[in-house]
Amino acid sequence: MDIKFETPIVYLPDAGSPEVDSKREAIRIAVSDVAFEARTARFHMRAAYQFPGEIAGRYHRPEEAMVLVVHDIEQADGGSIRLENTFVWYRPGARPEPNQIAEPPLPMPGRGSLVTTSYRGGWLDVGVAFPCYAQVPRYRPSAYVYLLLENYVSNVIGLDLVDKKAIEL
Amino acid sequence: MFFRSVTFGLTADTPGTTGPGIVLSEPGPPFAEDDALVYALHGTCRIPATDVEVERGEVLRGVVLTVVFPPGQVPMTGPLVGTTLVFPDDVTDVGRDLVGSFRCEIWLPARVQVSYVHGAFRRYVSNVVRLSARHPS
């Protein structure tokens, strides 16, 4: 499944941005403006993230390190895309690559307590499109969306493409 | 990267579950195949029977796996089952739940030293397991 960004990623909050409870979760997403026409499903995703400093410190740009996963049980397929702002072209060598500075220590920490003394966070705001070849999806919701960094997973949001609405799960 | 050799049913490495969700077990060291490393991944997907709308094979057919290459966060997602047929008795009844267990092989080029893999089924996201050419154990 080929997922595309339809708008540049905006790193600023607005009225629809979710809030992160930083002691319990690292990433929270909210979805609005679900549309489905001409075999393309579209939605607008707003996300807020707040990682403990030692996790965000493993990346030069933690806002570009997250991965968006969309999977569709109607088509039994899924796709993923890195949240990288490809609308902006940077001169080669202008930014440090690769984005990861260090690997997480082993064994990988679980998704336990996120309580720490320093946090690093921000917001994301982007329009996303993915193909859906079903005329009328049988499942409601039929597609699911979440964000991920290492083993920190956001809340999962379902997309009902018949009623064209997002369902909090 | 691709998923292949999908088989269903319990094996000695199948992770156990007590509640709804999807679980993957930590894979052992890979075996080498030409220029590639192949990891055997075992998992279990369990959901309440009342959540199945169309037919029970969707417990396995709806699973997607995502592999993330950590240095550049390059992700790849694909369906577990793909074109493999799923029959109703590939999914077992456990109490009021339906449980599908699977084994698959993940084929990665040998130059990919480390990857993270996780699975998702509807609202459930599995644990993240680390595939490494140099296994810590």
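Residue numbers begin at 1 in each chain, while the letters A, B, ... track the order of the sequences. On a predicted model such as this, the values are computed, not experimentally measured, just so you know.
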Assigning hydrophobic clusters by single linkage (Ile, Leu, Val, Met, Phe, Trp, Tyr; side-chain heavy-atom cutoff under 4.5 Å), is [X] placed with [Y]?
X       : Y        : answer
A:Phe5  : A:Ile27  : yes
B:Val52 : B:Val63  : yes
A:Phe43 : A:Val136 : no
B:Val68 : B:Val64  : no

Can you check whether B:Gly72's main-chain N or O pairs, donor with acceptor, with A:Arg82's side chain at less than 3.5 Å?
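Yes; at least one donor-acceptor contact below 3.5 Å.
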
Can you confirm whether more than 12 heavy atoms, excluding those of [X], are under 6.0 Å from its [atom1] atom?
X        : atom1 : result
A:Tyr133 : OH    : no
B:Asp35  : CG    : no
A:Lys164 : NZ    : yes

Toward chain A, the part of B:Tyr124 with a non-hydrogen atom under 4.5 Å:
neither

Examine whether an atom of B:Val81 lies under 4.5 Å from a heavy atom of chain A, and if so say whether it belongs to the side chain, the backbone or both; otherwise answer neither.
neither

Can you measure from [atom1] ([X]) to [atom2] ([Y]) and round to the nearest 0.5 angstrom?
X        : Y        : atom1 : atom2 : value
B:Arg123 : A:Glu168 : CZ    : CD    : 12.0 Å
A:Ile73  : B:Glu58  : CD1   : CD    : 6.5 Å
A:Glu150 : B:His118 : CD    : NE2   : 13.0 Å

Closest heavy-atom pair and its distance - [X], [Y]:
X       : Y       : value
B:Pro79 : A:Ala76 : CB-O, 3.3 Å
A:Pro98 : B:Pro71 : CB-O, 3.4 Å
B:Gln73 : A:Glu64 : OE1-O, 4.4 Å

Using a 4.5 Å cut-off on heavy atoms from C-beta on, say whether the side chain of B:Thr77 contacts that of A:Met1.
no

Side-chain contact test, heavy atoms from C-beta onward, threshold under 4.5 Å: evaluate it for A:Pro104 versus B:Tyr116 and give yes or no.
yes

Segment of A:Leu148 engaging chain B (4.5 angstrom heavy-atom cut-off):
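When you check distances to chain B, only side chain atoms of A:Leu148 fall under 4.5 Å.
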
B:Arg130 with A:Glu103: basic N within carboxylate O range, under 4.0 Å
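Yes, this pair counts.
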
